Amino acid sequence: VSAAPGGIEIRVLGDSALFSRDGKGVSYLVRAGGTRLLLECGANPFWQLGPEGVAGLSGVIVTHAHFDHHRYLTELALYCRYGTKRALPVLATEAVARDLRECSSPALVRTLSDDGCRIIDVPYSRFVRDVRLGPRARYRLEGCTRGGRVSWRAVDAKTGRPVSTRRAKAVTGPPGTAPRLLVFDREYGEWVDPEDFYCFAERAFYLGGNRTWRCAKSGLVVQAIKAPSWHGPNSAAILLRRGAAKAAFSSDTVYDPDLWTRLAERKLKQRLPGSRKSFLAAEELRVPVGRLVERVWSRRRLREALSAYDGAVVFHDADYPGSVVHTIYAKLSAAAGGAAARWKGLVLTHTPELFTSMHPIACTGATFRVTSRGLAGINDGPVAWHKQDGKVYGLRKSRGGRYAIAFTEGGLKLERLRGGRPGLEMKLINDLG
Ligand SMILES: [Zn+2]
Ligand SMILES: [Zn+2]
């Protein structure tokens, strides 16, 4: 039997930043052998794949609950339930699956009976099959209504029994915000928000079984990694592996080792609402969780974040300076050439509409092929990329080239050359594969 052609193919179905004029979101088709998965579904998958293409998907990976990443999830789930008579497999971490259920459930679980005369309830599981990536958490929050008021407490996820208030508790911020867990970490002797603090490998908060998804036929493995993912909502980066070919998808995040180091090194002072005694005894505290957290990241999370993408072609979001919840291009570019020289390539995703880069920029319709050597077909490619009006152009050195790239505080800028100096020539790119 000859070896199946290796590698992972990533076709861009949509790659628009939030608030972009073309109104699309983020979505990629991952192909490996006969396996086809969607990575995010913020762009309309029916538009490019057609209903047949959608029916052939093994599932959808979702990294976090921002709508530009899962806007079409309910449509996909409805189509699977009524078109293909099966539930849509959704690959996500436990926390992200919970968020997605909250977003999508109201649109799915109530409908009309076949004769149209009654309202019927259909379980969410008939639409969406949760395929867990990563481990299960040891504790979860449980709400109960007492006297018309919802109160929360931490319970053991396995047994459902309440956990000692000296070990874990619920924290609810201002009305309209979601409750958070607060856990006492014995190793540090500090109170932490466990969903932020721990990486998936840490047994203090996660039960074992850091689950991956794998296809026996194609050998494609999908793994969630939380460590480098820092964006606000529950989120995880995704690692795709097939043999020695490795592609990492950052989700939306802040790639900033300096910031990450501060998160792991800085001890914060608790601002307790009352006495220490009443704090330790409380099941639930009604203050913003940030006042009680004594450290944001564990050192183990920092270590894992710094090496998470080693050996992979990295698909990473990039933005201009000033962005808080995305990665500043200069930081990423420095990482890709410095500490993260162990990466096998970098492709920018989710960039603003007008953007210039020394790394390939993803655009709708482009296909990237990841092999064990890195990104295929890039070495003889352009020296820089420029995105404008929803199109991506490649820049190559040329005698008759009329453009140059300027390095400015605000990022790279494309300039039009005056005079006869040879510069860069700009050509439309449709397919980088
Ligand atoms: Zn996001
Ligand atoms: Zn996004």
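Bear in mind that the values here come from a model prediction, so they are computed numbers and not experimental data. Both counts, for ligands and for their atoms, begin at 1 and track the order of listing. Atom set for the values below is all heavy atoms of this structure, side chains included, hydrogens, waters and symmetry mates excluded.
Annotation: cation-pi geometry satisfied between K169 and F279 (NZ/CZ under 6.0 angstrom from ring centroid, within 45° of ring axis). Figure legend: cation-pi geometry between R416 and Y403, with NZ or CZ positioned under 6.0 Å from the six-membered ring centre and within 45° of its axis.
Between E142 and R153 there is a salt bridge, with a side-chain nitrogen of the basic residue lying less than 4.0 Å from a carboxylate oxygen of the acidic one. Salt bridge annotation for R300-E202: absent, with no cationic side-chain nitrogen under 4.0 angstrom from a carboxylate oxygen. Taking 4.0 Å as the cut-off between side-chain N and carboxylate O, D196 and R301 do not count as a salt-bridged pair.
Of the listed residues (F368, W343, Y309), just one forms a ring-ring contact (aromatic ring centres under 6.0 Å, His included) with F315, and that residue is F368.
Shown are the protein N/O/S atoms under 2.8 Å from the Zn ion (ligand 1), given by residue and atom: H64 NE2, H66 ND1, H231 NE2, D252 OD2.
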